[in-house]
*Asks:* 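Right, I'll just put the structure down here and ask away after.
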Amino acid sequence: MQVTIDKNSGYCFGVEFAIKMAEDEMEQNDQLYCLGDIVHNDMEVSRLSAKGLVVIDREQLADLHDCKVLIRAHGEPPETYRTAIENNIELIDASCPVVLKLQHRVKSAFDKMEREEGQIVIYGKKGHAEVIGLTGQTLEKAIVVMEDSDLDKIDYSRPVTLFSQTTKSTKGFYEISQKIEERIQAAKQELNRETFNANDSICRQVSNREPQLHRFAQENDVILFVSGKKSSNGKALYQVCLAQNERSYFIENETEINPEWFQKDEKVGICGATSTPMWLMEQVKTYVESLEEGVLSA
């Protein structure tokens with residue numbers, strides 16, 4: 001078999017930067033707290049845990065004092081920074097620059113919408129770390145939508161400003177945007193920039209992977225998509241692969257591989273989410289190659 005790892009897969013720069021900051025800090029100290037999983041990949045979280053990274057939640061943060069806490073690439077709401085000041089916590093801020101810029105845009109748009117009695121709508125997963133950071137810029141007034149049923153929460157007689165979680169599907173964003181436009185028109189509102197302002201805030205390092213994966217999935221007989229099951233980006237990109245190649249399989253690691261998926265002399269492509277470490281994809285590649293030497297060559 002010819003086994004290839006997609007050169008465009010693996011960490012986006014935001015996640016890579018956060019992990020580098022964590023590892024650099026742990027070289028100086030035996031332990032570092034991290035607010036939430038640093039990345040949505042259990043194997044990478046376990047690797048860093050062995051080095052001294054301790055994952056905490058917001059309730060635990062409130063009980064900490066006089067220590068260091070890492071803010072991961074997803075960013076945090078203003079409340080986290082207030083808690084840090086009150087408890088004398090030094091924040092190692094690894095918020096992705098793309099996310100920080102979006103937070104500032106959401107805050108500015110929210111201030112404008114408050115003056116105009118409008119609404120901020122965020123296309124994203126409710127409860128996702130990045131979305132929590134974004135809604136925090138709006139005093140928790142933002143409406144989070146992902147399914148069609150969520151659209152009922154919007155008042156279409158009032159102005160709407162739409163943003164997206166940076167790791168969502170571009171296709172999904174424009175579909176939601178179109179449905180909001182249709183509902184505004186159905187409410188007999190004039191459709192213009194004052195009544196509806198849609199902002200495609202998806203990270204291009206993420207969205208550009210969709211056409212790249214589109215080609216990669218077509219070029220291989222079998223696709224192994226490696227991702228943590230908690231990764232929103234992973235779920236979206238896997239669907240891109242599956243749409244192009246029905247022999248695409250979502251796995252967290254090599255233990256989930258079924259040898260019956262492969263036949264001799266086939267091309268196997270390995271790819272992953274923006275939260276998938278390269279070392280894990282290489283581990284999967286090594287395992288598949290060992291199958292060829294053993295089971296498949298029998």
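The structure presented is a predicted model; accordingly, all values stated were derived computationally and were not measured.
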*Asks:* Carefully, step by step, assess Glu116 and Lys112 under the rule salt bridge (Lys or Arg N to Asp or Glu O under 4.0 Å).
*Replies:* CA-CA 6 Å; Glu116 299 174 3; Lys112 182 174 185 288; 3.1 Å; yes
*Asks:* Look at the side chain of Ser9 and the backbone N and O of Gly272, then say whether any donor-acceptor pair between them is shorter than 3.5 Å.
*Replies:*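 Confirmed, Ser9 side chain pairs with Gly272 backbone.
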*Asks:* Which atom names give the shortest non-hydrogen contact between Asp37 and Arg72, and what distance separates them?
*Replies:*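 In terms of heavy atoms, the two residues are closest at O-NH1, 2.7 Å.
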*Asks:* Dump the intermediate steps for side chain to side chain contact (heavy atoms under 4.5 Å, CB included) on Val45 and Arg47, then the final yes or no.
*Replies:* CA-CA 5 Å; Val45 170; Arg47 182 185 75 85; over 6 Å; no
*Asks:* Using side-chain heavy atoms (C-beta onward) and a distance below 4.5 Å, is Ile154 in contact with Arg183?
*Replies:*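 Heavy-atom side-chain distance check fails, nothing below 4.5 Å.
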*Asks:* Nearest heavy-atom pair of Gly228 and Asn41: which atoms, and what distance?
*Replies:*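 Answer, listing the atom of Gly228 first, then Asn41: N-ND2, 3.7 Å.
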*Asks:* Find out if a path of hydrophobic residues (ILVMFWY) with successive side-chain heavy-atom gaps under 4.5 Å connects Met281 to Phe225.
*Replies:*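 Not linked; separate clusters.
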*Asks:* Mark yes when over 12 heavy atoms from residues, nucleotides or ligands other than Asp30 sit less than 6.0 Å from its CG; otherwise mark no.
*Replies:*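 12 or below, so no.
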*Asks:* Around Lys153, counting heavy atoms of other residues, nucleotides and ligands shown, do more than 12 lie under 6.0 Å from its NZ?
*Replies:*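 Yes, because the 6.0 Å sphere around NZ of Lys153 holds more than 12 heavy atoms from other groups.
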*Asks:* Any luck finding a side-chain donor-acceptor pair between Asp93 and Tyr81 under 3.5 Å?
*Replies:*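 Looking only at side-chain atoms, Tyr81 and Asp93 do form a donor-acceptor pair, the distance falling under 3.5 Å.
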*Asks:* Hey, are the side chains of Tyr11 and Pro277 touching, using non-hydrogen atoms and a 4.5 Å cut-off?
*Replies:*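 In contact.
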*Asks:* Is it the case that the side chains of Ser201 and Asn199 hold a donor-acceptor pair, with the cut-off being a distance below 3.5 Å and no angle test?
*Replies:*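 Result is no, nothing qualifies.
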*Asks:* Hey, mind stepping through Gln185 and Glu181 against side-chain hydrogen bond (donor to acceptor under 3.5 Å, both in side chains) and telling me if it holds?
*Replies:* CA-CA 6 Å; Gln185 289 175 316; Glu181 282 189 6; 6.0 Å; no
*Asks:* Side chains of Leu280 and Glu44: does their closest heavy-atom pair fall under 4.5 Å?
*Replies:*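 SC-SC contact between Leu280 and Glu44 ruled out.
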*Asks:* Indicate yes or no for a side-chain donor-acceptor contact from Ser164 to the backbone of Thr166 under 3.5 Å, with no hydrogens or angles considered.
*Replies:*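 No, because the side chain of Ser164 does not come within donor-acceptor range (under 3.5 Å) of the backbone of Thr166.
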*Asks:* What I'd like to find out is whether the side chain of Ile89 reaches to under 4.5 Å of the side chain of Cys67, using heavy atoms alone.
*Replies:*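 They are in side-chain contact.
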*Asks:* What I'd like to find out is whether the side chain of Asn258 reaches to under 4.5 Å of the side chain of Tyr249, using heavy atoms alone.
*Replies:*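 They are not in contact (no side-chain heavy atoms under 4.5 Å apart), so the answer is no.
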*Asks:* So if you build clusters from Ile, Leu, Val, Met, Phe, Trp, Tyr with side-chain heavy-atom gaps below 4.5 Å, do Met113 and Ile122 land together?
*Replies:*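 Met113 clusters together with Ile122.
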*Asks:* What pair of heavy atoms forms the shortest contact from Glu76 to Gln103, and how long is it?
*Replies:*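 Nearest heavy atoms, Glu76 then Gln103: O-NE2, 3.3 Å.
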*Asks:* Please say whether more than 12 non-hydrogen atoms of neighbouring residues, nucleotides or ligands are located less than 6.0 Å from CD in Glu140.
*Replies:*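 Correct, the count exceeds 12.
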*Asks:* Between Asn233 and Ser231, do the side chains contain an N or O donor and an N or O acceptor separated by less than 3.5 Å?
*Replies:*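 Looking only at side-chain atoms, Ser231 and Asn233 do not form any donor-acceptor pair under 3.5 Å.
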*Asks:* Are Lys168 and Tyr123 in a cation-pi contact, defined as NZ or CZ under 6.0 Å from the six-membered ring centre and within 45° of the axis?
*Replies:*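 Lys168 over Tyr123 ring: yes.
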*Asks:* With a sphere of 6.0 Å drawn around NZ of Lys20, does it hold more than 12 non-hydrogen atoms of other residues, nucleotides or ligands?
*Replies:*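 Not more than 12 within 6.0 Å, no.
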*Asks:* Of all heavy-atom pairs between Ser207 and Thr170, which one has the smallest distance, and what is that distance?
*Replies:*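 Nearest heavy atoms, Ser207 then Thr170: CB-OG1, 3.2 Å.
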*Asks:* Just checking, any donor-acceptor pair under 3.5 angstrom between side chains of Asn253 and Tyr287?
*Replies:*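 Distance-only check fails for Asn253 and Tyr287.
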*Asks:* Testing the 3.5 Å rule here: is there a donor-acceptor pair between the side chains of Glu130 and Gln165?
*Replies:*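 The criterion, which ignores hydrogens and geometry beyond distance, is not satisfied for Gln165 and Glu130.
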*Asks:* Taking the side chain as everything from C-beta on, heavy atoms only, tell me whether Thr4 gets closer than 4.5 Å to Lys267.
*Replies:*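 Heavy-atom side-chain distance check fails, nothing below 4.5 Å.
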*Asks:* With a 3.5 Å cut-off and no angle check, do the side chains of Glu147 and Ser149 form a donor-acceptor pair?
*Replies:*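 There is no such pair (donor and acceptor under 3.5 Å, judged by atom type) between the side chains of Glu147 and Ser149.
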*Asks:* For Lys229 and Phe250, run side chain to side chain contact (heavy atoms under 4.5 Å, CB included): C-alpha distance rounded to whole Å, both residues' side-chain angles, the deciding distance at 0.1 Å, then the answer.
*Replies:* CA-CA 9 Å; Lys229 289 185 169 63; Phe250 189 113; 4.1 Å; yes
*Asks:* For the pair Tyr238 (side chain) and Ser248 (backbone), establish whether a donor and an acceptor sit closer than 3.5 Å, ignoring hydrogens and angles.
*Replies:*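 Present.
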*Asks:* Measure the shortest side-chain to side-chain distance between Ile257 and Phe262 over non-hydrogen atoms and say whether it is less than 4.5 angstrom.
*Replies:*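 Answer yes - side chains close enough.
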*Asks:* A quick test of your reading: do over 12 heavy atoms of other residues, nucleotides or ligands sit less than 6.0 Å from CD of Glu79?
*Replies:*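 Counting neighbours around CD of Glu79, 12 or fewer heavy atoms of other residues, nucleotides or ligands fall under 6.0 Å, so no.
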*Asks:* Is it true that Asn29 and Glu25 share a donor-acceptor pair across their side chains at a distance under 3.5 Å?
*Replies:*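 A pair is found: one side chain offers a donor N or O, the other an acceptor, under 3.5 Å apart.
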*Asks:* How many angstroms lie between atom CG of Leu162 and atom CD of Gln119, to the nearest 0.5 angstrom?
*Replies:*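 One finds 11.5 Å between CG of Leu162 and CD of Gln119.
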*Asks:* Do the side chain of Asp148 and the main chain of Asp150 share a donor and acceptor less than 3.5 angstrom apart?
*Replies:*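 Looks like no, no N/O pair under 3.5 Å.
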*Asks:* Would you tell me whether Asn197 and Arg193 have side-chain atoms, one donor and one acceptor, within less than 3.5 Å of each other?
*Replies:*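 Judged by distance alone, the side chains do pair up.
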*Asks:* Tell me, which pairs form a side-chain hydrogen bond (donor to acceptor under 3.5 Å, both in side chains) where one or both residues lie in residues 215-228, sequence neighbours left out?
*Replies:*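 Pairs touching residues 215-228 that pass the test: Gln218-Gln244.
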*Asks:* Looking only at heavy atoms, what is the nearest atom pair of Ala22 and Leu70, with distance?
*Replies:*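 Looking at all heavy atoms of both residues, the shortest contact is CB-CD2, 4.1 Å.
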*Asks:* Is there a side-chain contact between His74 and His40 in this structure, where contact means two heavy atoms from C-beta onward sitting under 4.5 Å apart?
*Replies:*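 His74 vs His40: side chains touch.
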*Asks:* Can you see which heavy atom on Leu61 is nearest to which on Asn87, and at what distance?
*Replies:*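 Scanning both residues completely, I find the closest heavy atoms to be O-ND2, 3.7 Å.
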*Asks:* Should Ile71 and Ile38 be counted in the same cluster of Ile, Leu, Val, Met, Phe, Trp and Tyr side chains packed under 4.5 Å apart?
*Replies:*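 No, separate clusters.
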